[in-house]
Amino acid sequence: MSAGSGRAELPGDRWADPPPDGPEALAEERLLAAFERRATAANLDRVVRVAALLERGETGTLDEAGRPEAESLAHQVVGSAGTFGHPAASLDAARLERFFGSGAPVHERPWEERERARATLDRLTAELGG
Amino acid sequence: MSGVTEQVRRVLVVDDDELLREVAKASLELVAGWEVSTASSGQEAEELAREQHPDLIMLDVMMPGQDGPTTFARLREDERTEDIPVVFLTAKNNTEGWQGSGLAGVIAKPFDAMRLAAQVSRLLGWDA
């Protein structure tokens, strides 16, 4: 099992023991790749839901439950995307989590702030391959 | 497969994200050879902790319904589970409020599946 092809290697990011090779390593690679495919699909679905909530926020139709829902969805992407090979997507999801987690109602935010959120959402979607 | 520890540990992984639960379980079982059970909520974690009394509970912080800190507090209040070490799994940056709470440690999400067992062993002082 490896850390995944899209994952940035960190300093000191090494095995406690030498990594296995041969058929065992191949099986682990395939297992993690399967996890990554499923996680990426789940995260794209979450991002689509966040996009819909942002749109409602911009039109002033986001109800009280919508904002914590968007924050929670973004938070889930933070942990999942980073673990499954998309560190940049994890960082962008964290930006969206902060956007929904504090501040004025979305439709009352400055235009530039909402535009940044939209751009972050677009970038996040692209990072996940959507 | 080279194991991180020689002793078989029993770990309960609690996370509302199914895939994170699965990858943590697969990693800890494959890399370290530990026995891993999983729960998807705080309530389920309490039940399993009482039944199994694992060597460690890895507990997600932000979950719908009963969150991680609430679950941790309830585990500490129950004499059947009060002595089980708990490590928080979290994507939150601010962990200052948890210092001195009796937590065994905090592991940041995202985590590297292949290093998870080594991280846990280091936190718990388990032989590596």
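Numbered from 1 within each chain, the chains take letters A, B, ... in sequence-line order. Because the structure is predicted, anything quoted here is derived from the model rather than measured.
Distance check: Asp45(A) CG to Thr40(A) OG1 gives 12.5 Å after rounding to the nearest 0.5 Å.
The shortest side-chain heavy-atom distance between Val78(A) and Lys109(B) does not fall under the 4.5 Å cut-off.
Side-chain atoms of Gln76(A) and Asp16(B) include a donor-acceptor pair closer than 3.5 Å.
Listed by first and then second residue, the salt bridge (Lys or Arg N to Asp or Glu O under 4.0 Å) pairs that reach into residues 24-33 of chain B are Lys25(B)-Glu29(B), sequence neighbours excluded. Within the structure, the salt bridge (Lys or Arg N to Asp or Glu O under 4.0 Å) test picks out the following pairs touching residues 66-76 of chain B (sequence neighbours left out): Glu46(B)-Arg74(B).
For a heavy-atom cut-off of 4.5 Å, chain B lies close to Ser90(A), Glu97(A) in residues 88-117 of chain A.
For Ser40(B), the side-chain hydrogen bond (donor to acceptor under 3.5 Å, both in side chains) partners two or more places apart in sequence, or in a different chain, are Glu44(B).
If you measure heavy-atom distances from Asp60(B) to chain A, you find no contacts under 4.5 Å at all.
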